[in-house]
Amino acid sequence: MSLPSKQQIPVVVLAGFLGSGKTTVLNHLLRHSGGTRIGAIVNDFGAIEIDAMTIAGQVDSTVSLGNGCLCCAVDASELDVFLERLTRPTTRLDVIVIEASGLAEPQELVRMILASENPRIVYGGLVEVVDAAEFDATRLRHPELDRHLAIADLVVLNKADRVGEAELGRTRDTLAGLCEGTAVIPASYGRVAPELFFDCRPKAETVGQLSFEDLCADDGDDHRDHLHTEYESLSFTAEEPMDPRRLMGFLDGRPVGLYRIKGHVHFGAADPHNRYAVHAVGRFLRFYPQPWGRAEERLSRLVFIGSGIDTGRLRQELADCRETTPQDAADEHGMWGVLRYVRDQEA
Ligand SMILES: Nc1nc2c(ncn2[C@@H]2O[C@H](COP(=O)(O)OP(=O)(O)OP(=O)(O)O)[C@@H](O)[C@H]2O)c(=O)[nH]1
């Protein structure tokens with residue numbers, strides 16, 4: 001099994017029907033990227049507020065934005081070419097967001113990313129933007145919307161400002177039926193916390209890993225405050241190895257409001273050679289085994305971000321996932337559940 005390199009960049013797909021607010025969400029992410037270097041791939045530059053940022057330079061159809069973000073126009077056939085360009089080490093990107101065209105089938109794009117032979121990328125999940133005011137009408141015109149929602153890892157219910165509480169609640173109920181178990185985040189003008197999509201710090205380590213102290217630190221910068229007021233976060237550290245079966249039981253049954261999980265897990269004797277980086281956005285979950293550093297402390301460190309979550313209960317459930325008896329470690333098939341979420345195991 002090839003291990004992901006330290007340079008792997010998560011690629012998040014932002015999909016949604018025409019006019020649902022994809023570009024608005026993307027602009028919000030770019031504007032609130034903090035220290036995160038975002039590569040954006042869009043269908044045309046028209047709607048991206050490039051003027052609002054200082055354009056540092058332009059190479060072919062790739063535009064470098066002053067805040068470290070990159071932007072390029074692409075049609076699907078060119079995707080690999082642009083991914084190659086955006087993943088060159090000189091770009092030092094932390095994440096790539098692809099805005100799908102309003103009429104595209106998002107699963108095609110997801111398939112292309114998963115099939116890409118570019119070793120520097122890793123699929124980071126599908127976010128579907130929905131127009132709260134046009135939801136019923138869009139479903140009537142485009143019944144395929146239900147299919148798109150069913151495969152989304154996270155749903156942004158945008159334009160919440162255009163509907164009343166009752167209608168918003170009704171749409172949320174419908175969405176809960178269409179994409180069971182997927183977090184639905186109401187938003188106005190695409191204002192969602194970037195932390196829900198990707199790590200918001202220049203990363204010193206690989207995807208899904210910590211910048212742990214950074215994430216937990218409240219340094220008073222704007223979107224961090226925003227996160228703290230709207231979302232709860234929980235950090236968990238354990239020196240005892242985690243029992244793979246129990247942890248998978250916890251992850252498979254995680255509450256819908258738990259949008260984001262990152263960190264790494266120590267499985268002890270179940271795999272003494274590797275630590276398992278975790279990356280989850282909504283229902284999307286992946287593990288990335290990586291060899292432990294020689295002097296690296298063997299422990300698990302995880303960060304959870306969500307809304308309406310019972311952090312005390314989650315902490316207890318996580319504590320219960322620790323190995324407590326030597327018999328726990330003797331379960332030779334214990335890792336199977338984890339390996340289902342390691343990319344090379346997906347056939
Ligand atoms: N009232 C309201 N208008 C919004 C909101 N989000 C976006 N809009 C407006 O809706 C229109 C469409 O938004 P875009 O972000 O361009 O939508 P899009 O999904 O990128 O559109 P396409 O690229 O055409 O598929 C724009 O005029 C936005 O200003 C919102 O939350 N509330």
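Counting begins at 1 with the first residue of the sequence. Note: hydrogens, waters and symmetry copies are ignored here, and every other heavy atom, side chains too, is used.
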### Message
The test is side chain to side chain contact (heavy atoms under 4.5 Å, CB included); show your working for Ile261 and Leu251 and say whether it passes.
### Response
CA-CA 10 Å; Ile261 306 174; Leu251 290 173; 3.8 Å; yes
### Query
Just checking, is any N or O donor in the side chain of Asn158 or Ser188 under 3.5 Å from an acceptor N or O on the other one?
no
Less than 4.0 Å between a side-chain N and a carboxylate O, is that true for [Y] and [X]?
X	Y	value
Asp136	Arg170	yes
Asp320	Arg246	no
Asp252	Arg340	yes
Asp131	Lys159	yes
Arg120	Glu84	yes

### Task
Tell me whether the centres of the aromatic rings in His279 and Phe287 are closer together than 6.0 Å.
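Centroid distance His279-Phe287: not below 6.0 Å, so no.
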### Query
Only one of Val12, Val13, Leu83 forms a side-chain contact (heavy atoms from CB on, under 4.5 Å) with Ile96, so which one is it?
Leu83
Treating [X] as the side-chain partner and [Y] as the backbone partner, does any N or O pair qualify as donor plus acceptor under 3.5 Å?
X	Y	answer
Ser300	His266	yes
Asp243	Arg322	no
Glu317	Leu314	no
Arg245	Gly337	no
Asp271	His273	yes
Arg286	Gly124	no
His32	His28	yes
Lys262	Ile305	no
Arg260	Ala280	yes

Are the side chains of [Y] and [X] in contact, using a 4.5 Å heavy-atom criterion?
X	Y	result
Leu339	Tyr276	yes
Tyr288	Asn274	no
Asn118	Thr87	yes

### Query
Between atom CG of Leu178 and atom CG of Leu145, what is the distance when rounded to the nearest 0.5 Å?
7.5 Å
### Message
How long is the straight-line distance from CZ of Arg275 back to CZ of Arg298, given to the nearest 0.5 Å?
### Response
10.0 Å
### Task
Mind running side-chain hydrogen bond (donor to acceptor under 3.5 Å, both in side chains) on Ser116 and Asp80 for me, showing each step along the way?
CA-CA 7 Å; Ser116 168; Asp80 267 330; 3.3 Å; yes
### Message
Please enumerate all residues that pass side chain to side chain donor-acceptor pair (under 3.5 Å) together with Arg111, with sequence neighbours excluded.
### Response
Glu108
### Task
Provide the closest heavy-atom pair for Ile151 versus Gln107 in the form atom of the first, atom of the second, distance.
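Heavy-atom minimum between the residues: CD1-CB, 3.6 Å.
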